[in-house]
Amino acid sequence: MNALRRHRALTRIWASAPGWKGWFTSVNHTDLGRMFLTVAVFFFLVGGILAMLIRAQLATPRSAFMGPETYNQVFTMHGTIMMFLFAIPFFEGLAVYLLPKLLGTRDLAFPRLTAYGFWCYVFGGSMMIFALLAGIAPDSGWFMYPPLSSTIGAPGINSDFWLIGITFVEISAISAAVEITVTILRYRAPGMSLAKMPIFAWYALVTAVMILTGFPPLILGSILLELERAFGMPFFQVAQGGDALLWQHLFWMFGHPEVYIIFLPAAGAISTILPVMARTTLMGYGWVVAAAVSLAVLSFGLWVHHMFTTGIPHMGLAFFSAASTLVAVPTAVQIFAWIGTLWRGRPGLHLPMMWLLAFFATFVIGGLTGVMVAVVPFDWQAHDTYFIVAHLHYVLIGGFVFPMLAALYYWMPHFVGRKTYFKLGGVAFWLIVPGFHGTFLLLHWAGLLGMRRRIDSYGPGQGWEIINLIASVSGFVMAIGFALVLIDVIINAVTAIRGSRDPWRAGTLEWAMPTPPAAYNFASLPHVDSRDPLYADRELPVRLARGEGYLGDPARGRRETLTVDIATGAPRTIVVFPGNTALPVLMSAVTGLFFLGMLVKDYWLVPISALGVIGCALAWVWSLGRRAPEGPLDAGRGAVLPVASEVADPPGWWGSLFLLLADGTFLGSLLFGYAFLWTIAPNWPPPAYAEPGPAALALVLAGAALTAVGGRLGALAGVAAALAGTVAVGLAALAVLAQVPDPAAHAYDATVWVLVGYALLHQVVALIMMALVAARRWAGHSAVTRRGAARVARLWSDYAALVALLAAAAVGLPGVLA
Amino acid sequence: MTTLVALAGCEESLSAVHPAGPAAATIATLWWVLLAGATAIFLFVAGLLAWAWRRPPGEVAERPFVIGLGLAFPLTVLAALLAYGLVVGERLLPRGGADVVVVRAEARQWAWSFGYDDAPGRVTEDELHIPAGRPVDVALTSADVVHGFWVPRLAGKLDAVPGHVNVLRLEADAPGRYGGLGSEFNGVGYVGHRFTVIAHDATGWQAFLAGEGE
Amino acid sequence: MSTILRLSLPLTLWLASFSAVYGLHGLLCSSRWTGPDGRWPLIAAALLALALQGALLALIATRRWPEPEPTLHRTSLILAVAAFVGTGWTLMPVAFVSHCL
């Protein structure tokens with residue numbers, strides 16, 4: 001079979017459906033990556049227009065352009081859109097597009113999940129855009145502090161759009177994070193050990209794990225606040241045992257890691273692009289990996305530095321001040337490793353390098369002002385002023401947008417398969433960078449002169465007028481620059497000058513394929529022996545196209561790729577991917593109905609759509625099963641490997657493991673919130689604690705044991721045990737809830753309801769999974785092909801058992817202590 | 001620096017860098033130190049970066065960059081800075097003392113009420129009276145949402161949180177009027193959520209406590 | 001997975017101990033606390049955290065928890081040292097800063 005024939009055969013197998021149908025049924029990562037990036041850019045434009053409205057309002061004193069009702073919506077939505085609908089999805093889109101190509105595989109671990117996440121993002125984002133157009137957008141700030149954002153300060157539907165819309169969008173972040181994690185750990189080219197991974201993959205891995213542990217506190221906070229708004233469960237109302245500061249803790253436990261979730265992918269792009277621009281390799285690979293990991297973990301210990309003015313004792317602030325200064329160290333390691341790389345090489349001044357220089361100039365200033373506000377007394381003055389506005393834009397635009405523009409111009413030849421020949425990009429550079437500094441540099445000073453954030457107008461005579469005028473004019477210059485970038489990209493995408501395959505002479509695998517990339521990425525999968533496979537073997541692309549790698553024979557007529565051992569990269573299994581399907585878009589639409597029902601308070605829609613989601617999920621999982629085992633198959637290059645669904649740890653098991661990491665963080669955040677209220681909230685203890693008593697405790701113990709044992713029994717006995725366990729836990733739950741019948745009475749009662757609900761939900765999830773395994777047995781699936789599913793079910797039933805015990809302990813403990 | 005100060009114009013009634021009390025003065029000094037250090041570091045990094053295009057070709061070792069510049073340099077600077085910040089922070093805390101005046105502030109949307117331990121029952125709206133030259137502890141709380149209390153020329157800011165009482169130490173060097181701001185976003189009336197601090201000399205303060213001038 | 005754990009465990013332990021000491025500090029300064037006043041529990045907790053980090057660092061440095069791949073061994077070692085130094089750096093306030101003011 002020659003290269004062209006192989007290309008045609010593989011394209012038949014992998015291609016998305018033609019025409020408009022392809023948009024909705026594609027599960028291909030190249031398509032979905034481009035769709036993610038396009039939609040994220042759309043939201044960047046919307047957020048940018050809002051920014052221009054803000055600058056128009058503030059250009060002169062006593063502006064009457066917008067009233068505070070409108071202005072508050074505008075700045076709230078500017079922050080919300082840029083953070084949740086642009087920055088994070090843009091990273092997801094870039095990772096979805098690039099990772100399989102960098103790693104030398106054919107798709108992400110769970111192609112349908114990519115599509116599901118994408119559509120949740122589109123539908124959730126549409127909710128926010130609708131609210132904006134209808135003039136009922138959130139108006140309590142992107143940080144949504146209650147009581148202002150709760151029914152006291154915001155009785156309308158505005159806050160509900162934020163809480164429900166953003167939670168819906170976060171499904172896409174969590175699902176992307178799960179599959180990025182599993183993909184990097186298991187879906188690599190054979191031979192690519194962890195130490196030979198491209199540096200971007202390390203950054204993406206770290207970022208994905210951060211999303212899994214950083215977003216759950218926000219999701220929890222949003223759920224609690226929505227429960228307070230919808231049902232009066234008083235988590236944040238001080239009179240009934242809640243505390244406004246609980247939200248601030250949960251929000252910033254998410255919000256600070258979020259900053260690094262945005263920066264780390266950019267740092268990954270810099271570490272990839274900069275050595276190529278300097279015609280050398282990255283200095284200190286191991287150090288840079290260590291810096292990325294340190295940055296990630298340290299960033300979870302900084303959250304209180306957003307709360308230096310909330311009245312926390314000085315020692316508490318000192319811990320976080322110390323941690324906030326420390327986090328500058330891994331950042332410095334990376335900055336100086338990059339500068340060292342430039343010294344070592346022969347750097348040119350191509351457009352991507354220009355953007356990297358803009359990054360250095362901007363991000364270093366943002367980092368230095370960041371160290372300033374880490375010093376507690378200085379923050380007492382700077383907090384909530386334009387100093388912070390300026391600082392965070394230096395960090396986010398300097399540390400994310402500029403590197404992403406470098407990435408855009410670096411990978412554009414790959415995205416479109418054409419030579420970048422039009423010179424508009426250079427003009428745009430010279431508008432955006434001076435425009436940016438003109439906008440934000442002097443705003444630091446305005447903040448020190450007393451200009452608060454979020455004011456909708458200001459009077460003359462404070463020395464702020466000239467600064468604001470300069471900022472507004474520069475802001476519009478910057479906006480024109482971004483418009484030019486957009487025009488440049490469109491022109492480059494449609495002009496017909498074919499480019500060379502590897503315009504930068506880079507070493508990573510994404511350049512080992514024809515561009516624009518084919519649906520299957522690699523005609524055969526490479527065997528990797530070095531960190532820069534293309535530097536080691538310039539002929540690699542041709543040899544892969546000739547089918548000299550793994551899985552070069554499309555004879556089995558289905559979408560196949562390989563998984564490898566995590567550490568060594570030795571090939572382990574052959575994965576068979578599902579084909580094109582509309583199930584993801586359908587399931588996300590039904591998920592959308594679930595959120596819509598809560599938003600408009602038509603609660604009958606909620607259980608119906610929940611059942612619909614379960615139905616879709618069952619159809620989703622069912623279609624993967626096989627009755628008879630295939631046994632080991634030929635994978636090319638002499639490798640004979642089993643199919644992934646017939647081993648003990650299929651991809652779904654790894655996906656479940658990391659989803660449970662997020663789920664466990666959610667539970668941990670809930671327990672933290674409970675302990676926080678118990679310790680700090682003024683109106684505690686509640687009138688009465690629930691005291692489950694020996695009978696209920698025995699029921700929980702029995703139920704948890706049955707659930708856990710059920711996961712270890714055969715299919716039919718297992719589901720029976722799990723059913724009995726669920727009934728036992730359910731009875732105990734009823735007994736407890738009968739003692740605290742009104743969740744609106746006190747924050748304690750409300751917390752008990754949430755804990756009990758969480759435990760019951762997991763019992764039901766475990767039960768459904770065991771039922772699925774039993775149904776497969778009943779449908780005649782063999783023990784071998786059932787094994788993976790049974791192991792997944794066991795993981796979830798173990799977790800459900802653990803949750804039941806923890807919830808019982810948490811509910812009963814305060815009563816015992818008192 | 002001089003141009004920046006000139007930009008500030010004639011009015012500095014809300015400026016944190018034109019302090020009128022010991023707490024604000026200490027923080028203003030801290031700021032100028034931070035600015036000088038940050039400028040020096042920025043120029044140093046920019047110089048290193050520019051040198052990459054100028055230096056003659058040759059081997060570059062990893063250790064000076066990663067360990068010298070990446071680890072040793074920031075750790076030294078940050079340790080000094082952290083110590084400085086914590087010492088300053090300790091000095092600004094509301095410690096007890098015979099001379100301390102206690103006032104109470106309650107924020108609501110969009111006004112401030114102030115009460116005085118030395119004149120029980122006395123409440124002023126949107127005007128806080130204090131004696132000049134004496135440390136004042138402001139005990140802050142809120143009647144509805146989270147607010148912030150900030151008198152930029154006298155001290156840093158502190159939030160007023162429903163159900164909690166936070167204490168901020170401030171002091172005015174000289175009698176006069178000082179602009180105060182609600183500094184935590186609190187809804188449509190945020191921009192107008194302001195108050196004035198009136199610092200009296202000793203006789204003026206006694207007169208205020210005695211209820212004169214109402 | 002062992003490699004991933006070796007890379008992530010020291011700093012995760014830092015995060016856990018850092019949060020625990022912060023939580024303990026919150027409890028000791030709260031109105032719920034009726035026990036004796038003083039910073040000794042905080043100092044004890046910080047020393048315990050430092051000791052655990054030291055033990056973990058020793059395990060990795062002496063290759064009793066071995067990483068066969070040289071680059072990753074060095075990276076694990078850097079991270080274990082970072083976690084040890086970070087624990088001392090961030091918990092230092094227990095000894096010097098006034099604890100409930």
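All values reported here derive from a predicted model rather than from experimental measurement. Naming: A, B, ... by sequence-line order, numbering from 1 per chain. As a basis for the values below, the full set of heavy atoms in this structure was taken, side chains included, without hydrogen atoms, waters or symmetry mates.
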_Just so I understand: if I count every heavy-atom pair under 4.5 Å between each of A:Ala318, A:Gly153, A:Pro147 and chain B, which residue has the most?_
A:Pro147
*Taking atom CH2 of B:Trp150 and atom CH2 of A:Trp380, what is their separation to the nearest 0.5 Å?*
14.5 Å
*Decide side-chain contact (heavy atoms from CB on, under 4.5 Å) for B:Val145 and A:Tyr145; before the verdict, give the C-alpha distance in whole Å, the side-chain angles of both, and the deciding distance to 0.1 Å.*
CA-CA 9 Å; B:Val145 303; A:Tyr145 281 4; over 6 Å; no
*asked:* Nearest 0.5 Å, please: how far is CG in B:Leu82 from OG in A:Ser324?
replied: 9.5 Å
*Could you look at A:Ala322 and say if it's the side chain, the backbone, both or neither that has a heavy atom under 4.5 Å from chain B?*
both
*Closest heavy-atom pair and its distance - B:Glu184, A:Asp384*: OE1-OD2, 3.0 Å
*Name the region of B:Leu86, side chain, backbone, both or neither, that has any atom closer than 4.5 Å to a heavy atom of chain A.*
both
*Could you label the plane-to-plane angle of the B:Trp31 and A:Trp445 rings as parallel, tilted or perpendicular, counting under 30° as parallel and over 60° as perpendicular?*
tilted
*Tell me, for A:Val376 versus chain B, whether the close heavy atoms (under 4.5 Å) come from the side chain, the backbone, both or neither.*
neither
*Side chain from CB out, backbone as N, CA, C, O: work out which of these in B:Asp159 comes under 4.5 Å of a heavy atom of chain A, or both, or neither.*
both
*asked:* Only pairs of heavy atoms separated by less than 4.5 Å count here; which of B:Val167, B:Thr39, B:Leu78 has the most with chain A?
replied: B:Leu78
_Is A:Tyr71 in contact with chain B via its backbone, its side chain, both, or neither, using a 4.5 Å heavy-atom distance?_
neither
*Sub-6.0 Å ring centroid separation between B:Phe42 and A:Phe360*: no
_Please identify, among B:Ile41, B:Leu93, B:Leu69, the residue contributing the most non-hydrogen atom pairs under 4.5 Å to chain A._
B:Leu69
*Heavy-atom count around B:Arg95 CZ within 6.0 Å, excluding the residue itself: above 12?*
yes
*Give, as side chain, backbone, both or neither, the part of A:Thr385 having an atom under 4.5 angstrom from any heavy atom of chain B.*
side chain
*Please state whether the side chain, the backbone, both or neither of B:Ala38 comes within less than 4.5 Å of a heavy atom of chain A.*
both
*Is chain A contacted by the side chain of B:Leu140, its backbone, both, or neither, given a heavy-atom distance below 4.5 Å?*
neither
*Heavy-atom closest pair, residues B:Pro152 and A:Gln381*: O-NE2, 3.1 Å
*Is there a donor-acceptor pair under 3.5 Å between the side chain of A:Arg454 and the backbone N or O of B:Gly187?*
no
*Who among A:Ile339, A:Val375, A:Leu342, A:Ile335 has the most heavy-atom pairs with chain B under 4.5 Å?*
A:Ile339
*Hey, which of B:Arg54, B:Arg91, B:Glu90, B:Gln109 has the most heavy atom pairs under 4.5 Å with chain A?*
B:Glu90
*Proximal component of A:Leu368, with respect to chain B [non-hydrogen, under 4.5 Å]*: side chain
*Test item: B:Lys157 side-chain N/O and A:His383 main-chain N/O as donor-acceptor pair under 3.5 Å*: yes
*Go through the steps to decide whether B:Leu14 and A:Arg452 satisfy the test side-chain contact (heavy atoms from CB on, under 4.5 Å), and finish with yes or no.*
CA-CA 10 Å; B:Leu14 296 174; A:Arg452 293 168 288 165; over 6 Å; no
*asked:* With rounding to the nearest 0.5 angstrom, report the CD1 to CZ distance, B:Ile27 to A:Phe378.
replied: 9.0 Å
*Are B:Phe185 and A:Asn72 side-chain neighbours, meaning at least one heavy-atom pair lies under 4.5 Å?*
yes
*Heavy-atom closest contact (A:Val333 atom, B:Val66 atom, distance)*: CG1-CG1, 4.2 Å
*asked:* Report which part of A:Ser140 has an atom under 4.5 Å of a heavy atom belonging to chain B: side chain, backbone, both, or neither.
replied: backbone
*B:Phe65 and A:Trp343 aromatic ring geometry - parallel, tilted or perpendicular at 30°/60° bounds*: perpendicular
*Toward chain A, the part of B:Leu92 with a non-hydrogen atom under 4.5 Å*: side chain
*asked:* Taking side chain as everything from C-beta outward and backbone as N, CA, C, O, which of these in A:Phe236 sits under 4.5 Å from a heavy atom of chain B? Side chain, backbone, both or neither.
replied: neither
*Is it the side chain or the backbone of B:Ala79 that comes within 4.5 Å of chain A heavy atoms, both, or neither?*
neither
*Contact leader toward chain A among B:Leu48, B:Val161, B:Val88, where contacts are heavy-atom pairs under 4.5 Å*: B:Leu48
*Give, as side chain, backbone, both or neither, the part of B:Ala24 having an atom under 4.5 angstrom from any heavy atom of chain A.*
both
_Taking side chain as everything from C-beta outward and backbone as N, CA, C, O, which of these in B:Glu59 sits under 4.5 Å from a heavy atom of chain A? Side chain, backbone, both or neither._
neither
*More than 12 heavy atoms of other groups within 6.0 Å of A:Arg346 CZ*: no
*Do B:His164 and A:Val238 have side-chain heavy atoms sitting under 4.5 Å apart?*
no
*Partner chain B: residue of A:Pro347, A:Ala681, A:Pro682, A:Pro68 with the largest heavy-atom pair count (under 4.5 Å)*: A:Pro347
*Do the side chain of A:Glu69 and the main chain of B:Val188 share a donor and acceptor less than 3.5 angstrom apart?*
no
*Which atoms of B:Leu30 approach chain A - backbone, side chain, both or neither, heavy atom under 4.5 Å*: side chain
*Any idea which heavy atoms bring B:Ser15 and A:Leu449 closest together, and the distance?*
OG-CD2, 3.5 Å
*asked:* So for A:Leu357, is it side chain, backbone, both, or neither that comes closer than 4.5 Å to the heavy atoms of chain B?
replied: side chain
*Heavy-atom contact with chain A under 4.5 Å, split by part of B:Phe149*: neither
*asked:* Heavy-atom pairs under 4.5 Å with chain B - which of A:Leu326, A:Thr325, A:Leu245 has more of them than the others?
replied: A:Thr325
*Given a strict heavy-atom distance threshold of 4.5 Å, which part of A:Asn683 is in contact with chain B: side chain, backbone, both, or neither?*
neither
*A:Ala154 versus chain B, heavy atoms under 4.5 Å apart: side chain, backbone, both or neither?*
neither
*asked:* Heavy-atom cut-off 4.5 Å, strictly under: side chain, backbone, both or neither for A:Pro330 against chain B?
replied: neither
*What option among A:Gly450, A:Pro377, A:Gly311 has the most heavy-atom pairs under 4.5 Å with chain B?*
A:Pro377
_I'd like to verify something: which residue of B:Ala160, B:Gly189, B:Gly182 has the highest number of heavy-atom pairs under 4.5 Å with chain A?_
B:Gly182
*Show your reasoning for whether side-chain contact (heavy atoms from CB on, under 4.5 Å) applies to B:Leu158 and A:Phe308.*
CA-CA 8 Å; B:Leu158 192 62; A:Phe308 278 169; over 6 Å; no
*Give, as side chain, backbone, both or neither, the part of A:Met353 having an atom under 4.5 angstrom from any heavy atom of chain B.*
side chain
*Side chain, backbone, both or neither of A:Glu465 within contact of chain B (heavy atoms, under 4.5 Å)*: neither
*In terms of heavy-atom pairs under 4.5 Å with chain B, which of A:Gly348, A:Gly459, A:Ser149 leads?*
A:Gly348
*Verdict with supporting geometry, B:Val146 and A:Gln248, side-chain contact (heavy atoms from CB on, under 4.5 Å)*: CA-CA 11 Å; B:Val146 180; A:Gln248 298 193 17; 4.2 Å; yes
